[in-house]
Amino acid sequence: MIAERTFADIALAYSRGALTPFLGSGISHPNCLLWPEFVTALEQEANQLRVVQNIAALRPDDPGTLIRRAERAVRILQRENLTGFSNVIQRILYRGEAGAVPINLDLLSKIWWPLVVTTNYDGLFLKNFNNYWISQQGEPLPDATRMKVRGRSPRHCQDVLSSLRNPDQPILWAIQGYVGLKTESRTHLADEIVVGHEEYRKQTYEAIHFRRTFAEIYRTRTLLFVGAGLQEPYFLDLFGEILQLLGPISHLHYAIIKSGSLDPEFLLSQYQIRAIEYDVGPDGDHSAPVGQILEKVAEAIKSPEARTIRWSFNVNRGPRTGVDASGVKTSVEIIRGDMPSRLSPNEAIVVSGKQEVSGIELSRAARANLDRLKMKSDYRLGKACDENGYVYPICGFKEGRGYAAIIRRLAEQSGEARDARLVGPVMAAVLDAATRDGVDRLHLYPLATGQRRTFPPYVSLMEILRAYRRWKSSNPSQRLRLSIHTDNEFLINLISSRRIDPLDMLSSSSIRFWIEITRSEENIIRIYDEADETTTLKTIFEKHSIPENWLYSVRPAPGKKSIRRQVGMACDDASTMESEGIFLGSVLRVIPPLGNGQEGPEGI
């Protein structure tokens with residue numbers, strides 16, 4: 001009987017943004033082969049069945065025996081087919097039963113994960129995760145909420161480490177290589193495939209960047225092993241080395257394992273891994289009992305015993321603003337959940353509007369939010385509150401007020417345009433209009449983060465907070481409370497794990513960002529820098545000695561597409577941090593000119 005406390009602890013780790021699945025071959029079965037079947041298939045490809053069966057007959061399921069069998073087969077395959085080894089791996093990997101997505105993999109895909117570690121080579125989880133979250137939240141750009149794959153190279157390990165502290169898209173860290181789906185062409189991560197004993201040893205003793213990255217994850221994240229037997233000496237030695245060199249950690253990891261396969265007390269005492277054991281059914285099926293455990297994990301995450309639902313902050317630049325029921329002075333609050341269904345006379349709701357050829361209209365999501373207020377109105381818009389046409393009053397409110405914020409505008413050449421650089425100015429206009437109208441509390445969702453968004457939700461949140469700080473600096477005596485509502489799991493996870501900290505935006509005008517200088521695949525330097533929003537890119541490029549004929553781009557892009565420009569162009573037109581859309585946590589990428597044949601790695 002598994003203690004309910006175990007699931008409560010797992011849910012707590014998730015609420016802190018720390019829970020990280022560690023996937024083994026079992027999660028992709030039966031669509032992909034399990035490890036013993038995979039080794040047998042390698043032997044068949046190598047035409048070495050007779051030789052290796054002599055070893056296998058001793059202890060056919062022993063992990064050490066399997067590694068030696070794999071090593072022999074891999075050695076032959078690589079010697080006979082130097083350029084096609086990864087193609088062989090991809091071909092035999094999918095010899096399992098074709099058909100529906102494995103039910104447990106599907107279940108895990110429907111939980112939002114900022115990081116997933118896997119020893120698998122296949123792309124089943126990646127495809128299912130992205131398909132599900134795209135259908136839930138609309139079609140994001142590649143640098144918004146789509147999961148990306150990273151491998152063991154120094155640059156990719158650096159990406160993984162950066163994602164632990166900064167906002168980024170979710171990552172599938174394929175630590176033993178990746179060939180993708182059966183229908184996909186091989187990726188450059190196929191060259192990182194680890195199968196045989198030689199590769200295991202090489203990664204253990206030579207790849208220092210990989211070991212340090214893994215150690216950081218082991219110490220700062222709570223791993224949930226699913227479909228991974230934890231019987232490979234390679235991993236147990238790695239876990240033991242981390243604990244021996246760096247000392248015990250202040251939390252546990254969790255492993256879903258078959259009863260009797262490992263000693264739970266040994267796992268707990270030596271590796272700080274708590275076993276969650278299950279009994280295999282009479283038909284030998286692992287999927288059903290593992291699925292029951294994962295369903296309990298999912299339910300605990302969905303309905304935890306306790307969770308943070310509100311983050312409150314005071315911006316102390318004059319008289320205190322609102323006071324909540326506990327007596328705490330509050331200027332800004334981020335609330336997990338919907339906006340209110342009723343407004344008091346001095347409250348206002350802010351919804352998104354859009355600029356069409358026919359004029360200013362409310363978005364579909366805006367109308368849905370207004371319907372919750374039970375207004376009997378056609379939602380008519382009044383005249384613009386500002387000279388730029390950023391904000392329009394919504395007529396027909398029985399109590400309170402409403403404003404339409406126009407982020408979605410018409411561009412002369414590209415048609416519709418949503419740009420993160422508009423969030424700050426539009427929010428400033430909203431704050432000015434609300435102040436003139438005597439509003440003392442504004443309710444809103446992060447602007448322009450609906451299904452057709454073109455930039456990550458966290459960028460909108462950060463720009464709203466920065467706009468409030470600037471407004472408060474100019475209006476220290478004004479009393480206006482800002483309530484930002486969200487149910488976006490991506491955004492909530494970033495706040496919970498403190499990969500974005502609202503205090504950064506509310507306390508300082510400085511923007512901390514990364515500049516990534518790429519000279520080759522092996523020579524990539526990432527530097528943490530800081531600048532004011534008015535700092536010119538010319539100043540930054542000169543500081544880092546970037547030649548004018550190089551190219552730069554910003555990730556995440558502030559608009560629909562990421563644009564590469566020449567460094568010299570930015571120096572000529574006095575582009576600034578603000579005009580280029582470089583926000584807190586952004587990456588300013590710099591690469592050699594394309595004429596060199598060196599575009600710089602963009603990842604996959």
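- A donor-acceptor distance shorter than 3.5 angstrom exists from the side chain of Asn120 to the backbone of Gly24, with no hydrogens or angles considered.
- Looking only at side-chain heavy atoms (C-beta outward), Thr118 and Phe125 stay at 4.5 Å or farther from each other.
- Between Ala275 and Leu267 the shortest heavy-atom distance is CB-CD1, 4.4 Å.
- Shown are Arg211, Arg165, Arg221; of these, the salt bridge (Lys or Arg N to Asp or Glu O under 4.0 Å) with Glu216 is made only by Arg165.
- Applying the ring pair (Phe, Tyr, Trp, His ring centres under 6.0 Å) criterion to Phe513, with sequence neighbours excluded, gives no partner residue.
- Applying the side-chain hydrogen bond (donor to acceptor under 3.5 Å, both in side chains) rule to His251 yields no partners; only residues at least two apart in sequence or on another chain are considered.
- Here the closest heavy-atom approach between residue Ala18 and residue Thr220 is recorded as CB-O, 4.3 Å.
- Within the structure, the salt bridge (Lys or Arg N to Asp or Glu O under 4.0 Å) test picks out the following pairs touching residues 103-113 (sequence neighbours left out): Asp106-Lys110.
- Here the straight-line distance linking atom CG of Leu294 with atom CD1 of Ile111 works out to 7.5 Å at 0.5 Å rounding.
- Between Gln566 and Trp550, the closest side-chain pair of non-hydrogen atoms is not below 4.5 Å.
- For Arg16, the side-chain hydrogen bond (donor to acceptor under 3.5 Å, both in side chains) test picks out no residue, with sequence neighbours left out.
- Using a distance-only test at 3.5 Å, with no hydrogens or angles considered, no donor-acceptor pair links the side chain of Ser162 to the main chain of Gln158.
- Remark: the Arg155 side chain and the Ser153 side chain contain no N/O donor-acceptor pair separated by less than 3.5 Å.
- Using a 30° and 60° split on the angle between ring planes, His253 and Phe225 fall in the perpendicular class, above 60°.
- Scanning for side-chain contact (heavy atoms from CB on, under 4.5 Å) contacts around Asp9 gives Arg5, Tyr254, with sequence neighbours left out.
- Applying the salt bridge (Lys or Arg N to Asp or Glu O under 4.0 Å) test to Arg565 and every residue at least two apart in sequence or in another chain returns Asp573, Glu580.
- Ring geometry for Phe214 against Phe239 counts as parallel: the plane angle stays under 30°, on a 0 to 90° scale with 60° as the upper cut.
- Separation of atoms CZ (Arg418) and OG1 (Thr454) is listed at 6.5 Å; rounding is to 0.5 Å.
- Using cut-offs of 30° and 60° for the angle between ring planes, the Trp112 and Phe490 rings count as tilted.
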Task: Derivation of the side-chain contact (heavy atoms from CB on, under 4.5 Å) call for His544 and Val590 - done: CA-CA 10 Å; His544 295 283; Val590 186; over 6 Å; no
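- One finds the CG atom of Leu223 at 10.5 Å from the CG atom of Leu23 (value rounded to the nearest 0.5 Å).
- Remark: Asp487 engages Asp338 in a side-chain contact (heavy atoms from CB on, under 4.5 Å) (not counting sequence neighbours).
- Thr20 meets the side-chain hydrogen bond (donor to acceptor under 3.5 Å, both in side chains) test with no other residue; sequence neighbours excluded.
- Residues Phe38 and Ile89 meet the side-chain proximity criterion, which asks for heavy atoms closer than 4.5 Å.
- With hydrogens and angles ignored, the 3.5 Å screen pairs no side-chain donor or acceptor of Arg526 with any backbone N or O of Val587.
- Partners of Arg421 according to the salt bridge (Lys or Arg N to Asp or Glu O under 4.0 Å) rule, which considers only residues two or more places apart in sequence or in another chain, are Asp419.
- Proximity of a side-chain donor or acceptor of Arg152 to a complementary backbone N or O of Ile175 within less than 3.5 Å is detected.
- Listed for the Glu43 side chain is no donor-acceptor partner under 3.5 Å among the backbone atoms of Ala73.
- Checked against Trp113 for a ring-ring contact (aromatic ring centres under 6.0 Å, His included), the options Trp133, Tyr14, Phe129, Trp173 give a single hit: Tyr14.
- Residues Phe22 and Tyr218 fail the side-chain proximity criterion, which asks for heavy atoms closer than 4.5 Å.
- Arg274 meets the salt bridge (Lys or Arg N to Asp or Glu O under 4.0 Å) test with no other residue; sequence neighbours excluded.
- Take Thr119 and apply the side-chain hydrogen bond (donor to acceptor under 3.5 Å, both in side chains) test, not counting sequence neighbours, and it matches no residue.
- When all heavy atoms of Glu516 and Ile524 are compared, the pair lying nearest together is CG-CG2, 3.8 Å.
- No donor-acceptor pair under 3.5 Å is formed between the side chain of Glu192 and the backbone N or O of Leu189.
- For the residue pair Pro593 and Asn549, the shortest heavy atom distance occurs at CB-O, 3.4 Å.
- Put simply, the side chain of Thr6 does not reach to within 4.5 Å of the side chain of Lys296, judged on heavy atoms.
- Note that the CD1 atom of Ile525 and the CD1 atom of Ile527 stand 6.0 Å from one another [nearest 0.5 Å].
- In plain terms, the two heavy atoms of Asp504 and Arg512 that are nearest each other are OD1-NH2, 2.9 Å.
- In summary, of the residues considered (Asn166, Leu461, Leu584), a side-chain contact (heavy atoms from CB on, under 4.5 Å) with Ile500 occurs for Leu461 alone.
- Between the side chain of Ser28 and the backbone N or O of Ser25, no donor-acceptor pair lies under 3.5 Å.
- Residues meeting the side-chain contact (heavy atoms from CB on, under 4.5 Å) test with Gln270, sequence neighbours left out: Phe266.
- Between atom CZ of residue Arg555 and atom CG of residue Leu588 there is a gap of 11.5 Å, rounded to the nearest 0.5 Å.
- Nearest heavy atoms, Leu491 versus Pro446: CD2-CG, 3.9 Å.
- Within 6.0 Å of CD1 on Ile103 lie no more than 12 heavy atoms contributed by other residues, nucleotides or ligands.
- The closest side-chain heavy-atom distance from Leu108 to Val226 is below 4.5 Å.
- Between the side chain of Ser15 and the backbone N or O of Leu12 there is at least one donor-acceptor pair closer than 3.5 Å.
- Ring centers of Phe583 and Phe455: at least 6.0 Å apart, outside the cut-off.
- Residues Asp168 and Arg499 are not paired through a salt bridge, judged by the lack of any N-O separation under 4.0 Å between the basic side chain and the carboxylate.
- Heavy atoms from other residues, nucleotides or ligands lying under 6.0 Å from CZ of Arg212 number 12 at most.
- Here the side chain of Trp311 pairs no donor or acceptor atom with the backbone of Arg336 at under 3.5 angstrom.
- Side-chain atoms of Asn104 come within 3.5 Å of backbone atoms of Ser287 as a donor-acceptor pair (strictly under, hydrogens ignored).
- Within the 4.5 Å cutoff, the side chain of Val160 has heavy atoms near those of the Ile171 side chain.
- Looking at heavy atoms from C-beta onward, Ile10 lies out of side-chain contact with Thr222 at the 4.5 angstrom threshold.
- Results of the side-chain contact (heavy atoms from CB on, under 4.5 Å) test with Tyr271 over Leu252, Ile242, Leu236 single out Leu236 as the only residue that passes.
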